[in-house]
Amino acid sequence: MNPLKMKLDHTTSQYVKTEFEKIQTTLAPYIKKSSLYTIISVPILTFSLMNLFVLIVNMRVSDQTMIPIIGFGVAAAFGLALFKESMYQSKEIYLKSFDYITNKIKKNDELPDTIKDLYLKRLQTEPANTMTIYYEFLQQEERIKKMEGLQ
């Protein structure tokens, strides 16, 4: 659940853009780690597995091929471990963003509790739409603030 994937266009208000920048700032270290681990792990894993396949299929296993086979196996295991860590970081991104959004909705004073409960329930039932729900919440929050400012 990467908030960077949420498309904010020129019609999006400055308030909503600012709120999305805040959540992106909070998640930036996790996104950076996940991206780095993925960028490193995929080439290592691909290179190692391809070479292991070539060594095992095209050559007979002998004393001379055992060292490269072991080396490529260790490299593949390292690449797989990095990839698994990137998956863990991706899960952390989702959990941190979900917690941030949930707390933001709960702490809101402008919206009635029934509407806040509706948004929280939607977050629970539609986790794939977390950023869209947050976007709708921010728009409604901004509308309420503007209405209160007019009175």
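FYI, side chains are in, hydrogens and waters are out, and symmetry mates aren't considered; it's all heavy atoms of this structure.
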More than 12 heavy atoms of other residues, nucleotides or ligands under 6.0 Å from NZ of Lys96: yes or no?
no
Donor-acceptor side-chain pairing of Glu141 and Tyr15 below 3.5 angstrom:
yes
Which distance, rounded to the nearest 0.5 Å, do you find between the CG of Leu95 and the OG of Ser90?
11.0 Å
What do you reckon, is CZ of Phe98 surrounded by more than 12 foreign heavy atoms closer than 6.0 Å?
yes
Is a salt bridge present between Arg122 and Glu136, judged by a nitrogen-to-oxygen distance below 4.0 Å?
yes
A quick test of your reading: do over 12 heavy atoms of other residues, nucleotides or ligands sit less than 6.0 Å from CZ of Phe78?
no
Salt bridge check: are Lys22 and Glu19 linked by an N-O gap of less than 4.0 Å?
yes
Flag for Ser86-Ser34: side-chain donor and acceptor within less than 3.5 Å:
no
Do Ile93 and Ile23 land in one hydrophobic cluster if side-chain heavy atoms of ILVMFWY residues count as linked below 4.5 Å?
yes
Please set out all donor-acceptor pairs under 3.5 angstrom arising from side-chain atoms of residues 48-56, sequence neighbours excluded.
residue, atom, partner, partner atom, Å
Ser48, OG, Ile44, O, 2.8
Asn51, ND2, Phe47, O, 3.0

Evaluate side-chain contact (heavy atoms from CB on, under 4.5 Å) for Leu138 paired with Tyr134, printing each intermediate quantity in order.
CA-CA 6 Å; Leu138 290 173; Tyr134 184 53; 3.5 Å; yes
Distance check, rounded to the nearest 0.5 Å: Thr65 atom OG1 versus Ile70 atom CD1?
9.5 Å
Full working for side-chain contact (heavy atoms from CB on, under 4.5 Å) between Gln140 and Tyr119:
CA-CA 11 Å; Gln140 185 160 6; Tyr119 280 113; 2.5 Å; yes
Decide, yes or no, whether a salt bridge links Asp113 with Lys116 under the criterion of side-chain N to carboxylate O below 4.0 Å.
yes
Kindly compute the distance separating CG (Leu123) from CE (Met131), expressed to the nearest 0.5 Å.
9.5 Å
Is the closest basic N to carboxylate O distance between Glu92 and Lys33 below 4.0 Å?
no
In terms of the angle between their ring planes, are Tyr135 and Phe20 parallel, tilted or perpendicular, with boundaries placed at 30° and 60°?
tilted
Test side-chain contact (heavy atoms from CB on, under 4.5 Å) on Leu80 and Ser41; report intermediate values, then the result.
CA-CA 7 Å; Leu80 191 59; Ser41 70; over 6 Å; no
Option among Leu111, Ile115, Asn108 that satisfies the side chain to side chain contact (heavy atoms under 4.5 Å, CB included) test with Ile144:
Leu111
Around atom CZ of Phe72, are there more than 12 heavy atoms from other residues, nucleotides or ligands closer than 6.0 Å?
yes
